[in-house]
Protein chains: 2
Amino acid sequence: MQHSAPSFREFSDRFRSLETTLSRELFREHRDQMRVKKEETAAENLRRIIDATLRLANRKGFQSMSLRDLSAETGLSAGGLYAYIRSKDDLVRLIQRHGVALTLRSLEDAIAAADGPRDKLRAAIRAHLFLTETMQPWFYFSYMEAKNLPRRETREAIRSEVAVEELFTGIIRAGQARGVFRNGDPQLLAGMIKALLQDWYLKRWKHRQRNVSVECYADAVQNMVEHAVLVPPYDEAPAAAHNATCEEG
Amino acid sequence: MQHSAPSFREFSDRFRSLETTLSRELFREHRDQMRVKKEETAAENLRRIIDATLRLANRKGFQSMSLRDLSAETGLSAGGLYAYIRSKDDLVRLIQRHGVALTLRSLEDAIAAADGPRDKLRAAIRAHLFLTETMQPWFYFSYMEAKNLPRRETREAIRSEVAVEELFTGIIRAGQARGVFRNGDPQLLAGMIKALLQDWYLKRWKHRQRNVSVECYADAVQNMVEHAVLVPPYDEAPAAAHNATCEEG
DNA sequence: GTCTATAGCATGATAGAC
DNA sequence: GTCTATCATGCTATAGAC
């Protein structure tokens with residue numbers, strides 16, 4: 001049952017097609033708010049605007065990023081930007097919606113494919129890491145700017161965060177019920193797992209610098225979590241077939 | 001040797017006196033930059049300004065916080081603020097310096113008091129959690145605004161972060177050398193521990209809402225880390241004498 | 001030592017030429 | 001469909017009355 005632990009590569013391919021679909025949906029939903037009607041140029045410029053915004057916001061903060069900065073980064077004129085977005089708040093809403101949709105759909109797919117508590121837990125861990133690896137700029141933005149967003153978006157961000165954590169709580173509860181996992185507060189455990197997973201996108205510069213790959217980090221997290229959660233006779237991780245080159249201290 | 005695991009209460013008392021000392025030092029260092037010379041009013045107002053800034057910045061972000069907001073929150077007039085700080089950047093520098101000094105001194109003290117890898121690791125975990133519990137607004141501010149700070153302060157923040165992590169790396173290395181800790185990349189492990197510790201102040205609202213105390217969380221982290229790090233015959237945690245009421249799922 | 005008033009400037013957003 | 005020119009707003013910071 002290695003169905004539950006696909007490699008990053010496999011994940012990445014499935015993700016790309018999902019993104020194309022959702023990007024098109026995004027454009028269609030916002031078409032009536034945009035002055036630009038020709039689909040191909042509009043879709044491309046919208047993507048450029050979003051990417052540039054994430055880049056700038058993650059470098060110096062969304063509030064400090066002026067529309068003049070954005071116009072420089074995208075190559076569009078200051079006035080031209082308003083052909084695509086109504087306001088700065090509108091822009092942030094757009095970005096947020098797109099990211100949440102992508103995240104949820106992608107996670108749900110990946111997790112449903114596994115069965116049994118241990119495999120489900122692994123699948124969830126790996127999917128989350130692969131997802132945040134692929135969409136790192138969005139996750140970082142979403143985390144760092146959440147509290148400064150318009151009220152509605154802040155609430156949405158929290159809801160999404162809680163939903164993900166509950167997913168883990170559920171898996172742990174199921175495992176405890178079957179006697180596969182050791183007892184202990186499932187919510188607390190889920191929170192700790194989430195903390196480990198979030199570190200991957202919050203401190204990416206660090207992991208990059210140390211040459212730790214996602215696969216490596218995934219194995220490390222899985223290992224720590226299983227040590228903490230499985231009932232004592234722990235058979236040391238059979239994982240990490242993909243790269244034997246996880247840096248050794 | 002329970003010297004290494006003081007309760008939050010004990011920590012808190014020692015901390016308070018340290019803070020008084022450093023607050024006074026802070027005022028003296030910046031005295032010449034302030035228009036206000038009378039020590040007692042000046043020191044008090046400076047403290048009010050710092051507290052208000054942390055409150056506001058953590059609510060809506062430092063960039064979005066105007067000096068009008070700050071003047072409303074402190075009760076001082078917009079103009080009056082400039083009797084204490086030269087500029088907004090100056091304010092942030094002040095806050096940052098104060099926090100770093102407090103953190104380092106406090107952590108060093110607490111850790112030096114323990115000996116042996118296992119006790120040192122425990123002491124480090126507890127001290128870090130207690131410290132962030134006490135100074136939560138500062139830590140949150142420092143984490144969230146780090147990248148928007150003036151260049152020099154950003155670098156300082158990263159240095160401080162790395163220094164703390166290396167402290168953990170060192171303890172783990174020592175433990176592995178003595179055969180008390182299992183093998184595995186010490187840097188990666190230290191990073192994961194740090195992630196668990198940071199979650200305490202980054203998601204405080206969540207832990208509050210769930211009624212998890214620092215002591216509880218400290219025990220949970222210690223437990224997970226020891227499961228992952230100690231050589232197999234793991235004697236289940238002798239900790240948590242302080243409160244038997246850690247919420248059970 | 002604190003306040004009111006205001007200078008000087010950067011920003012978000014728009015109108016109209018091309 | 002994109003650009004240049006411009007406006008109103010709200011900001012930081014200062015000067016001077018009290």
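Residue numbers start from 1 in every chain, and the chains themselves are labelled A, B, ... in the order their sequence lines are given, proteins ahead of strands.
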**Student:** Considering just the side-chain nitrogens and oxygens of A:Tyr84, establish if one lies under 4.0 Å of OP1 or OP2 belonging to D:dT2.
**Tutor:**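 Indeed, a polar side-chain atom of A:Tyr84 lies that close.
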**Student:** Look at all strands and tell whether A:Ser66 reaches a base, only sugar-phosphate, or nothing, counting heavy atoms closer than 4.0 Å.
**Tutor:**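 Sugar-phosphate: the residue A:Ser66, judged by heavy atoms under 4.0 Å, touches backbone atoms but no base.
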**Student:** How many Å lie between CG on B:Leu56 and C1' on D:dC11, as a whole number?
**Tutor:**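 Spelled out: CG on B:Leu56 to C1' on D:dC11 is 16 Å.
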**Student:** Round to a whole Å and report the spacing from CG of A:Leu81 to C1' of C:dA15.
**Tutor:** 16 Å
**Student:** Does A:Arg48, at its CZ atom, have more than 12 non-hydrogen atoms belonging to other residues, nucleotides or ligands within less than 6.0 Å?
**Tutor:**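 Buried by this count: over 12 neighbours within 6.0 Å.
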**Student:** Which part of the nucleic acid, if any, lies within contact of B:Ser87, taking any heavy atom under 4.0 Å across all strands shown: a base, the sugar-phosphate backbone alone, or nothing?
**Tutor:** sugar-phosphate
**Student:** Using a strict 4.0 Å threshold on nitrogen-to-oxygen distance, state whether B:Lys194 and A:Asp199 make a salt bridge.
**Tutor:** no
**Student:** Under the 3.5 Å rule, do the base of D:dG10 and the side chain of B:Arg68 count as making a donor-acceptor pair?
**Tutor:** no
**Student:** Just the rounded figure in Å: distance from P of C:dG1 to CD1 of B:Ile49.
**Tutor:** 14 Å
**Student:** Let me know the distance between CD of A:Gln63 and C1' of C:dT11, rounded to the nearest Å.
**Tutor:** 12 Å
**Student:** Return yes when atom CZ of B:Arg59 has more than 12 non-hydrogen atoms of other residues, nucleotides or ligands closer than 6.0 Å, and no otherwise.
**Tutor:** yes
**Student:** Without decimals, in angstroms, what is the distance between A:Leu76 CG and C:dT14 P?
**Tutor:**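 For the pair A:Leu76 CG and C:dT14 P, the rounded distance is 17 Å.
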**Student:** Rounding to an integer number of Å, can you tell me how far B:Lys88 NZ sits from D:dT12 P?
**Tutor:** 5 Å
**Student:** Map A:Arg86 and A:Ser64 onto DNA chain C by nearest heavy atom, then report which one ends up closer to the 5' terminus.
**Tutor:**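 Mapping each residue to its closest nucleotide by heavy atoms, the 5'-most match is A:Ser64.
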**Student:** Check the phosphate of C:dT14 against A:Tyr82, side-chain N and O only, distance under 4.0 Å to OP1 or OP2. Yes or no?
**Tutor:**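 Indeed not, no polar side-chain atom of A:Tyr82 lies that close.
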**Student:** Please determine whether a side-chain nitrogen of the Lys or Arg among B:Glu39 and B:Arg24 lies less than 4.0 Å from a carboxylate oxygen of the Asp or Glu.
**Tutor:**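 Between B:Arg24 and B:Glu39 there is no salt bridge, as every charged N stays at least 4.0 Å from the carboxylate O atoms.
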**Student:** Look at the side-chain N and O atoms of A:Asn45 and state whether any lies under 4.0 Å from the OP1 or OP2 oxygen of D:dG1.
**Tutor:** no
**Student:** In whole angstrom, what separates B:Leu67's CG from C:dT4's P?
**Tutor:** 16 Å
**Student:** Counting the atoms with a prime plus P, OP1 and OP2 as sugar-phosphate, which does B:Met65 contact under 4.0 Å by heavy atoms, base, sugar-phosphate, or nothing?
**Tutor:**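 The residue B:Met65 makes sugar-phosphate contact but no base contact.
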**Student:** Can you tell me how far C1' of C:dT2 sits from CG of B:Leu46, to the nearest Å?
**Tutor:**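 Computing the B:Leu46:CG to C:dT2:C1' distance gives 16 Å.
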**Student:** Got A:Thr103 and A:Trp138 here, is their nearest side-chain heavy-atom distance under 4.5 Å?
**Tutor:** yes
